[in-house]
Amino acid sequence: MADAGLIAIGAGIAIGLAGIATALAQKDIGSAAVGAIAENEKLFGKGLTMMVIPETIVIFGLVIAYLLMGKM
Amino acid sequence: MLKPRRMSRIIIVGSKECQEKTIETLHGMNIIHIVDFVKPDGTFKLGTPLKKASTASEQLVKLRSIAKVLEVEETEIKRMGEEKVRENIAEKIGTIELNISGTGEAKTKMDNLLKELETKISELLPFSGFRIPLEAFRGYESLAVFVGNVGVDVEDSIRKITSDYELFRSEEDERLMALFAPKKCESEISKALIEAKYSEAKVPEGRGLAKDNLAELQEHRKKLEERLERTAKELETLRKKHIEFILACEEHLRIEVEKAEAPLRFATTEHSFIVDGWVASDKFDRMKKTLDKKTHSTLHIERLETREEPEEPPVALSNPKPARPFEFLLDMFSTPKYEEVDPTLILMIVFPIFFGLMIGDAGYGLFIMLFGVMLRKRYLLGVGGKAVGNILVLGGLFATIFGFALFGDFLGIPFQVHDAEYSWSSLLGVNIPIVAQIHKLEKSGVTDLLVLSIVAAFLHLSIGFIFGVVNEAKHNKKHSVAKIAWLLVLIAVFMLLIHTARGTRIGGWVYRNVLFASTDWAVSVPGLAIPMLTIILLIIGTVILVATEGIMSVMEIPSLVGNTISYTRLAAIGVAKGAMALAFNGMLLPMVLGGSVIAILGLVFLIGAHLMIFILGIISAGIQSLRLNYVEFFLKFYKGGGTKFTPFGHSRRHTIAG
C-alpha cells in the first residue's frame with residue numbers, strides 16, 4: 001500500500017497540469033477560430049472542431065488521475 | 001436515408017416565346033437547381049433579363065429604402081394574396097414614399113445634429129470647470145499655453161524652470177490643467193510635461209465661459225430630443241400602418257426580380273433558350289408533366305443519362321422528418337459530397353444519447369425540453385430557431401430518461417437515500433420507488449460510467465469506420481481496405497480495454513456476453529495482461545495499414561487509443577455536473593429547510609445556483625457531444641465540401657402565389 005497522500009497529490013497534479021496545458025492550447029486556437037468565424041460564419045463547424053481538439057489532453061489527465069486514485 | 005437524394009441532370013430547351021412561362025412554372029415548383037451558364041461562345045450567349053426586370057428592381061430599391069427609414073423588421077404577418085399586392089403597386093409605393101419623405105429626412109437630419117451636439121458637449125464638459133473664457137486659451141504672441149491632462153502634480157517641476165507662470169485646474173476634472181508660461185521656456189516645459197505623462201486636450205471653439213456655452217447646448221439638445229421623439233412617434237404610426245404591405249411587397253418584388261433575372265443563368269441563341277440543371281430523380285416525371293401542360297408540350301425536356309464531364313451533383317439531404325434538425329448540425333460542419341454517406345441519422349441517435357448521458361438528471365432534462373420548446377419560436381442571444389429547439393427537446397428527453405432510469409436523480413437530489421443527506425423520498429415524505437442503477441458520485445459509479453464510455457466509443461467509432469469503408473469503396477479500393485484495417489485495430493484496442501476492466505460490472509458483462517471470455521488467452525507483461533487476440537488483430541491490422549496507407553500510418557495507431565479514451569468525457573462531465581449540483585444542494589438546502597426569512601434567501605440562491613448548472617450543462621454537454629461527433633466520429637470517414645442543392649424558387653412567408 002503506497003502512501004495515500006502522495007497518490008492524491010499525484011492525481012491532483014495530473015489533472016491540474018493537464019488542465020493548464022489544455023487551456024494554453026485552446027487560448028491560441030480559440031482566438032484564431034473566433035477571428036476566422038468573424039470573417040466567414042460558415043467556418044463555425046471547423047472552428048469548433050479545431051478548438052476542442054486539445055480538450056483530449058485534460059481527459060487524459062482525468063483518466064490518469066482516476067487510475068491513480070484506484071491505487072489508494 | 002444515409003445517402004443524399006439521387007439527382008438527374010436535365011436540359012430544357014424551348015423557343016423564346018415560352019421562356020417566361022417556363023420560368024414562371026419552374027419557380028413555382030421550386031425543384032430545379034440551375035447550373036449557371038458561364039462560358040458564352042460563338043453559338044450560345046448569356047440570356048437577357050425579362051422586360052419587367054428593371055421596373056421590379058427599381059421598385060424594390062425604393063421599397064427597401066422605405067423599409068430602412070421606417071425600421072421595418074421581419075415579423076409574422078397575415079399572408080397576402082399576390083394579386084392584391086400586385087394591384088397598383090407603383091402607386092402604393094409612391095404614396096408611402098411621399099408620406100414618409102419629409103418625416104424620414106427630418107429624422108436623419110436631427111439624428112446627425114444630435115450626434116454633433118453630443119460631441120460638442122462632451123468636449124466642453126471638462127472645460128466648464130475653468131473660470132477662464134474660451135477665447136482666453138489662445139491667440140498669444142509671447143505666451144505658450146499648455147492645456148491637457150497630466151498624471152501627476154507638475155507644479156514643482158515647472159517652478160524649477162520658471163517662476164513666471166500661471167496654472168489653472170479644472171474644477172470638473174482634476175487631471176485637466178491649463179498652464180500659461182513665457183514662450184522662451186516652452187521646450188523645457190514640454191519636456192517636463194512629457195515626463196508627467198501629459199496629453200494635450202483640444203480647446204473647444206467659441207467665446208465666453210465654457211459653463212455658459214454648455215448650458216446653452218444642453219438646452220438645445222433637450223429641445224432636439226423632444227422633437228426627435230415626436231418624429232419617431234410619427235414614424236412608428238406610419239410603420240404600423242404600412243408594415244404588412246411593405247413585407248408582402250418586398251417579398252413579391254424579390255421574387256419578381258429573381259424570375260426576371262433568371263435568363264442571365266441560361267444559355268440562349270437568337271430564338272431559343274436552354275436551361276441546364278439538376279432535379280431530384282424521383283421528381284423528374286412530375287416536373288416534365290407540369291411543364292408540358294403549362295407550355296402545351298412545346299419544350300424539349302431531356303434527362304442526360306451519361307455525363308460528359310464528371311461534375312458533382314448538388315447535394316440535397318433526404319432524411320425522415322425527426323432527423324431534419326440534425327441536418328443543421330451537419331451543414332454547420334460541411335455539406336457532404338454527393339457520393340458520401342449522409343451521417344445525419346446516426347447524428348440524430350448519438351447526439352441526444354451522449355447529451356443525455358452527460359446531463360443525466362431528470363429535473364434538468366425536463367427543463368431542457370421546456371427550454372427547447374421555447375427556443376423553437378424565439379432566439380436567445382442569437383441562438384435559437386426550430387432546428388436548435390428540436391435538438392434540445394430530443395436531448396432533454398434522453399437526459400430525462402437517463403435521469404429516471406439510470407441515475408435516479410432529479411435536480412441533483414436522488415429519489416432514494418443513498419449516502420446522500422437528502423432525497424426526494426425524505427423531502428416529500430413519500431417513498432418514490434426509483435432506484436439509481438449508477439451512482440454518479442461514488443467510485444463504483446464512476447468506474448461504470450468510464451467503462452460505458454469506452455463501449456460507446458467502440459460502437460460509435462466502428463460505425464465511423466464502416467461508413468469509411470463504404471465511402472472509399474467507390475473511390476479507392478486501397479483506402480477502403482485500410483479502413484477495415486483500422487476497424488481491426490479498434491477491435492484490438494477495445495478487447496484490451498475490456499479485458500483490463502473485466503472486474504467491473506459493465507466491463508464484466510461485455511467480457512462475458514460479447515467477447516465470450518475470448519480474451520483470457522493472454523500474455524502478461526508486468527502490471528497488464530494483453531490478450532493474444534489483441535496482439536494478433538494488431539499485427540494483421542498494422543500489416544494491412546503499412547501495405548495500404550504507408551509506414552507513417554503506424555504512428556497514428558496511438559491516436560486511435562486517444563480517440564477511445566476521449567469518450568470518457570461522457571463520464572467526466574456527468575460526474576462534474578452531478579458534483580456541482582450536490583455541492584449547491586448540500587450548502588443551500590439546510591437554509592431553505594430552516595424556515596423564516598433565511599429560507600426565502602436560500603431559495604433564491606438555490607434557484608440561481610441550479611440555473612447556472614443548467615446553462616453550463618447545456619453548453620458543455622452540447623459542445624462535447626458535438627465534438628465527439630465532429631472530431632472522433634466524422635474524421636473517420638467524412639470528407640464534406642459538397643455543393644448544397646438550392647432550387648430555383650422561393651419559400652414564401654408573407655405572400656400567397658397567384
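So you know, we letter chains A, B, ... as the sequences are listed, proteins then strands, and number each from 1.
- Only the side chain of A/Val63 comes within less than 4.5 Å of a heavy atom of chain B; its backbone N, CA, C and O stay farther away.
- Between B/Tyr638 and B/Phe633, the ring centre distance reaches or exceeds 6.0 Å.
- The ring of B/Phe465 has its center no closer than 6.0 angstrom to the ring center of B/Phe637.
- Using a 4.5 Å cut-off between heavy atoms, B/Leu626 touches chain A through its side chain atoms alone.
- Looking at B/Leu329, there are no atoms closer than 4.5 Å to chain A (heavy atoms on both sides), in backbone or side chain.
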Show your reasoning for whether ring pair (Phe, Tyr, Trp, His ring centres under 6.0 Å) applies to B/His439 and B/Phe407.
-> CA-CA 6 Å; B/His439 296 285; B/Phe407 302 111; 9.7 Å; no

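- Chain A forms the most heavy-atom pairs under 4.5 Å with one residue out of B/Asp331, B/Ile623, B/Val446, and that residue is B/Val446.
- With a threshold of 4.5 angstrom between heavy atoms, A/Ile53 approaches chain B through its backbone and through its side chain.
- Ion pairing between a basic and an acidic side chain is recognised when a charged N comes within 4.0 Å of a carboxylate O; B/Glu312 and B/Lys337 show no such pairing.
- A donor and an acceptor atom, one from each side chain of B/Lys636 and B/Asn563, are located under 3.5 Å apart.
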